[in-house]
A.B. asks: 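Quick one: this structure, given as structure tokens, is what I'll be asking you about.
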Amino acid sequence: MKLAELKSDFHSLIDQINDPELLSQFYDIISQHINVDNSDWESLSPKQQQELLDAYESSEDEDNLIPLSVIEAKYKQWPLK
């Protein structure tokens with residue numbers, strides 16, 4: 001299904017709903033999803049954004065990665081909840 005068709009079908013479904021509470025629930029779900037996409041990133045300072053990008057780039061080199069077994073051994077005294 002193409003984007004335009006999907007949007008049209010979605011609008012048609014919304015138009016068929018006469019329950020304000022159900023519409024409100026859909027609205028909340030969709031608006032939360034849309035607003036979350038960049039909100040965490042935008043809340044970071046430029047320095048924090050760059051540090052995150054640098055860390056991601058560094059993680060692309062397997063020599064920079066720490067095996068899960070080492071992490072688990074280091075924190076095994078912490079109980080999982």
Side-chain angles (χ1 to χ4, degrees):
M1 185 177 291
K2 294 189 179 197
L3 182 59
E5 184 181 358
L6 184 59
K7 286 183 176 184
S8 176
D9 289 351
F10 193 67
H11 285 284
S12 295
L13 287 173
I14 291 171
D15 289 341
Q16 294 174 35
I17 299 172
N18 294 317
D19 180 352
E21 187 173 329
L22 181 58
L23 281 173
S24 179
Q25 290 173 357
F26 277 119
Y27 178 84
D28 290 343
I29 291 168
I30 292 170
S31 65
Q32 287 174 5
H33 176 72
I34 290 171
N35 294 333
V36 168
D37 288 344
N38 286 323
S39 64
D40 290 337
W41 181 258
E42 296 300 325
S43 70
L44 298 175
S45 70
K47 180 181 177 186
Q48 290 170 319
Q49 289 176 353
Q50 188 57 52
E51 288 173 350
L52 190 57
L53 291 171
D54 292 344
Y56 178 78
E57 185 176 327
S58 177
S59 75
E60 294 293 313
D61 182 353
E62 287 191 23
D63 292 338
N64 295 328
L65 300 179
I66 300 171
L68 179 59
S69 59
V70 172
I71 302 290
E72 289 174 334
K74 183 175 180 179
Y75 296 103
K76 79 177 191 178
Q77 75 274 8
W78 293 4
L80 295 176
K81 294 182 180 181

A.B. asks: Can you name the closest pair of heavy atoms from Q49 and E42 and give their distance?
C.D. replies: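 It is NE2-CA, 4.3 Å.
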
A.B. asks: Do other residues, nucleotides or ligands put more than 12 heavy atoms under 6.0 Å from the CD atom of E60?
C.D. replies: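 Counting neighbours around CD of E60, more than 12 heavy atoms of other residues, nucleotides or ligands fall under 6.0 Å, so yes.
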
A.B. asks: How about E62: does its CD atom have over 12 heavy atoms from other parts shown lying under 6.0 Å from it?
C.D. replies: no

A.B. asks: Please determine whether the number of non-hydrogen atoms from other residues, nucleotides or ligands lying under 6.0 Å from atom CG of L6 exceeds 12.
C.D. replies: yes

A.B. asks: Give a yes or no on whether I30 and L23 share a hydrophobic cluster (residues Ile, Leu, Val, Met, Phe, Trp, Tyr; joining criterion: side-chain heavy atoms under 4.5 Å apart).
C.D. replies: yes

A.B. asks: Give, for atom CD of Q48 and atom CD of E51, the distance between the pair rounded to the nearest 0.5 Å.
C.D. replies: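 Answer rounded to 0.5 Å: 7.0 Å.
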
A.B. asks: State plainly whether one hydrophobic cluster holds both V70 and Y75, where clusters connect Ile, Leu, Val, Met, Phe, Trp and Tyr through side-chain heavy atoms under 4.5 angstrom apart.
C.D. replies: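 Yes; Y75 is reachable from V70 via cluster members.
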
A.B. asks: Is any side-chain heavy atom of Q25 closer than 4.5 Å to one of D28?
C.D. replies: no

A.B. asks: What side-chain hydrogen bond (donor to acceptor under 3.5 Å, both in side chains) pairs are there with at least one residue in residues 1-17, not counting sequence neighbours?
C.D. replies: none

A.B. asks: Same hydrophobic cluster for I17 and Y27, using side-chain heavy-atom links shorter than 4.5 Å among ILVMFWY?
C.D. replies: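 Unlinked, I17 and Y27 end up in two clusters.
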
A.B. asks: Between N64 and S59, does the side-chain contact (heavy atoms from CB on, under 4.5 Å) criterion hold? Intermediate values first, please.
C.D. replies: CA-CA 6 Å; N64 295 328; S59 75; over 6 Å; no

A.B. asks: Does any non-hydrogen side-chain atom of K74 lie less than 4.5 Å from one of I71?
C.D. replies: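 Sidechains of K74 and I71: no contact.
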
A.B. asks: Is there a side-chain contact (heavy atoms from CB on, under 4.5 Å) between L13 and F26? Walk through the geometry before answering.
C.D. replies: CA-CA 11 Å; L13 287 173; F26 277 119; over 6 Å; no

A.B. asks: Could you state the interatomic distance from NZ (K76) to OG (S69), rounded to the nearest 0.5 Å?
C.D. replies: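 Atom-to-atom, K76:NZ and S69:OG are 12.0 Å apart.
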
